[in-house]
Number of protein chains: 2
Amino acid sequence: MRTSSPTADPKGEPLESTLEARAELFQDAMGFSGISDREILKLAAMATLRRFTKGQMIFEQDQPCDYFHLVASGLVKVYICSASGFRMTYLLARRGEPLNLVGPFTGDPRFLCAEAMQATDVAHIPRHGFVRFVADNPILFSNIMAILSKAVDSANSRLIDMVEKRVEERLLRVLLTLLDKFGSEIRLTSAELAELAGTTVETTLRTMARLRSLGIIESERGQITIIRPASLKNPERLPLWV
Amino acid sequence: MRTSSPTADPKGEPLESTLEARAELFQDAMGFSGISDREILKLAAMATLRRFTKGQMIFEQDQPCDYFHLVASGLVKVYICSASGFRMTYLLARRGEPLNLVGPFTGDPRFLCAEAMQATDVAHIPRHGFVRFVADNPILFSNIMAILSKAVDSANSRLIDMVEKRVEERLLRVLLTLLDKFGSEIRLTSAELAELAGTTVETTLRTMARLRSLGIIESERGQITIIRPASLKNPERLPLWV
DNA sequence: GCTTTTGTATGACCGTGGTCATAGAGGCTA
DNA sequence: TAGCCTCTATGACCACGGTCATACAAAAGC
């Protein structure tokens with residue numbers, strides 16, 4: 001039934017898991033609220049878990065999309081990569097967050113790459129099964145649309161930021177977003193922050209030095225601590241989606 | 001039945017139209033392929049046409065989304081507007097193109113504004129009716145997802161362009177896109193081009209002067225003619241989505 | 001133990017492009 | 001015809017931030 005398109009085998013190590021554990025994962029996954037337990041079990045039955053090590057790719061750009069991916073544990077960055085190697089991270093996903101909501105519907109290759117930032121487990125559902133499931137549970141459509149609308153808005157909002165905001169402002173917005181999502185202890189390197197803010201490592205380090213001298217943050221290798229969260233919460237500054 | 005939320009009356013002048021004319025519009029509208037004629041008639045029955053003059057707003061940001069909009073004639077730009085007044089156009093829609101595919105599903109206010117660039121007619125469908133129609137015609141979901149996936153990819157791709165491409169390259173990409181969509185005669189001003197490329201009018205004018213001296217384009221007031229289309233078709237350079 | 005790699009830190013340089021200014025040409029209305 | 005607005009055009013200025021360089025500390029590998 002499958003065409004002989006250049007599909008890629010899923011990466012990562014297969015992982016044993018119980019149906020209940022998978023069901024529990026989908027139960028409170030982003031975008032899956034309002035689905036009955038019985039339906040959730042169908043999803044869980046289709047899913048398989050795979051384990052990825054730090055730095056391992058979960059999917060790469062220009063590959064057809066054969067699976068829907070949902071993070072079960074760990075942390076994943078989803079980014080786009082330009083021809084010249086420039087990266088822009090636009091999603092940091094942890095347990096319960098999907099990596100590719102759109103891809104499974106078309107199956108077409110996209111620009112996106114996903115990479116594990118830590119040891120990470122990811123649930124895979126074959127795309128056709130996923131699409132059929134969504135068709136059977138129309139509530140999912142509204143959920144997915146709501147998420148996509150945020151994603152599109154966020155991307156467009158960042159576009160404007162790139163034009164009219166300087167690096168410091170963009171970095172503050174990234175920090176605010178991370179504060180909302182991960183709390184005041186942010187375990188990211190300057191390189192990772194740079195990819196989120198759309199700038200270089202050097203400029204990020206310089207800007208961080210300024211923020212440190214202002215007493216807004218403290219930092220050590222691989223970790224940033226936000227000392228004065230209030231100073232990030234400028235009413236002009238909304239958190240990004242991610 | 002309607003809540004007393006701060007809904008805005010639709011703008012523009014009501015326009016008489018026949019059911020057949022509206023059906024014909026939806027027939028070949030973007031994203032509506034694969035719908036039976038009988039179903040199309042239902043859509044057409046829900047729709048009303050409104051006329052807008054050049055410069056008139058079709059919807060504005062932070063307004064709840066009460067209608068699905070489809071362009072029947074003319075040209076509309078959909079853009080986001082920053083607090084400081086900076087604009088970034090991300091869609092030029094003409095006959096058959098929807099203005100807000102996502103909004104009707106959530107109804108929430110978004111960042112977007114839509115403005116008529118010429119005398120323009122737009123079909124309005126109340127959002128609840130539209131959502132119900134989509135639920136009854138699941139093919140629409142895949143169509144919409146396919147369009148959204150392009151929109152998200154395009155936004156992300158432009159994000160990368162903003163970081164690593166200089167203005168000339170971005171402008172060339174915009175010109176290539178416009179060439180594909182409108183042909184070699186592009187009836188836009190430098191200000192409109194600037195909003196598409198994410199730069200200022202002055203820089204656009206300077207860059208256009210350079211392209212003119214290279215013999216790539218010719219231009220007069222309100223119009224750009226691409227003389228050497230081949231020179232835009234660098235294999236590195238993909239057209240944007242719109 | 002050593003070496004290598006990764007992350008942080010900072011200086012020097014300078015190009016792109018934003019801002020402000022001025023000016024003229026084309027089009028519209030009164 | 002005058003007056004006004006829009007669009008085009010171009011010069012002068014300079015700051016933000018990218019690039020390249022060096023240095024050092026911490027972690028990781030062998």
Side-chain angles (χ1 to χ4, degrees), chain A residues 53-56 77 82 84-89 115 117-119 159-175 186-214 217-225, chain B residues 53-55 77 82 84-88 115 117-119 159-175 186-214 217-225:
Chain A
T53 59
K54 179 178 177 177
Q56 197 177 1
K77 68 173 164 188
S82 78
S84 68
F86 202 96
R87 284 179 183 187
M88 185 108 195
T89 303
E115 179 186 328
M117 299 174 75
Q118 320 166 349
L159 250 179
I160 278 230
D161 278 9
M162 293 307 300
V163 196
E164 70 159 12
K165 298 276 205 313
R166 43 170 156 278
V167 167
E168 177 163 324
E169 187 62 28
R170 298 208 301 270
L171 214 41
L172 284 172
R173 193 173 181 195
V174 167
L175 288 176
I186 298 165
R187 314 207 75 258
L188 295 177
T189 67
S190 294
E192 289 161 338
L193 276 185
E195 288 180 13
L196 281 162
T199 181
T200 60
V201 183
E202 294 93 324
T203 303
T204 302
L205 284 164
R206 269 184 254 268
T207 309
M208 299 296 284
R210 207 178 316 140
L211 297 182
R212 219 178 306 123
S213 75
L214 291 172
I217 60 168
E218 278 177 1
S219 64
E220 53 193 291
R221 190 184 173 94
Q223 163 142 4
I224 293 141
T225 310
Chain B
T53 60
K54 180 178 177 177
K77 68 174 162 187
S82 77
S84 67
F86 202 96
R87 283 180 184 187
M88 186 109 197
E115 179 187 327
M117 299 174 75
Q118 318 166 351
L159 249 178
I160 278 229
D161 278 9
M162 293 308 300
V163 197
E164 69 159 12
K165 298 275 203 313
R166 41 168 159 277
V167 167
E168 177 163 325
E169 187 62 28
R170 298 209 301 269
L171 214 40
L172 284 172
R173 194 173 181 194
V174 166
L175 288 176
I186 298 166
R187 314 207 77 257
L188 294 178
T189 66
S190 294
E192 290 161 338
L193 276 185
E195 289 180 12
L196 281 163
T199 180
T200 61
V201 183
E202 295 93 325
T203 302
T204 302
L205 284 164
R206 268 183 254 267
T207 309
M208 299 296 285
R210 208 179 315 141
L211 297 183
R212 218 179 306 124
S213 75
L214 290 173
I217 61 168
E218 277 176 1
S219 64
E220 52 193 293
R221 190 185 173 91
Q223 165 141 2
I224 294 142
T225 309

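Throughout, a chain's letter reflects where its sequence line sits, starting with A, and its residues are numbered from 1. Only heavy atoms go into these numbers, but all of them, side chains included; no hydrogens, no water, no symmetry mates.
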A/Thr207-A/Glu168 side chain donor-acceptor pair, cut-off 3.5 Å: no

B/Glu195 side chain to B/Glu192 backbone, donor-acceptor under 3.5 Å: no

For the side chain of B/Glu202, starting at C-beta, report the closest nucleotide among C/dC20, D/dG18, D/dA21. C/dC20

Value in whole Å for how far the C1' atom of C/dG7 lies from CE of A/Met117: 14 Å

In whole angstrom, give the distance that lies between atom CE of A/Met162 and atom P of C/dG18. 12 Å

Distance, rounded to the nearest Å, where A/Arg221 contributes CZ and C/dT5 contributes P: 14 Å

Quick one: A/Gln223 CD to D/dA26 P, roughly how many Å, whole number? 15 Å

What's the closest nucleotide to the side chain of B/Thr189 if the choices are D/dA25, C/dT16, D/dC7? D/dC7

Over how many whole Å does the gap from A/Glu218 atom CD to C/dA9 atom P extend? 12 Å

Donor-acceptor contact present, side-chain B/Glu169 to main-chain B/Arg166, <3.5 Å: no

Considering only heavy side-chain atoms of A/Leu205, the closest of C/dG27, C/dT6, C/dT8 is C/dT8

Specify the separation, in whole Å, of atom NZ of A/Lys165 and atom P of C/dG18. 15 Å

Is A/Arg206 side chain donor-acceptor paired with the C/dG11 base, going by distance under 3.5 Å alone? yes

A/Arg212/A/Glu218 ion pair, N-O < 4.0 Å: no

Checking A/Arg87 side chain against A/Ser82 main chain: does a donor-acceptor pair fall under 3.5 Å? no

A/Ser219 vs C/dT8: side-chain N/O to OP1/OP2 distance below 4.0 Å: no

Heavy atoms under 4.0 Å, any strand shown: does A/Arg212 hit a base, just sugar-phosphate, or nothing? sugar-phosphate

Rounded to whole angstroms, how far apart are CG on A/Asp161 and P on D/dC16? 17 Å

Looking at C/dT16, D/dT8, C/dG18, which one has an atom nearest to any side-chain atom of B/Ser190? D/dT8

Closest of D/dA27, C/dG11, C/dT19 to the B/Thr200 side chain is C/dT19

C/dT6 P sits how many Å from A/Leu188 CG, rounded? 18 Å

A/Met208 or A/Val163, whichever maps to the more 5' nucleotide of DNA chain C: A/Met208

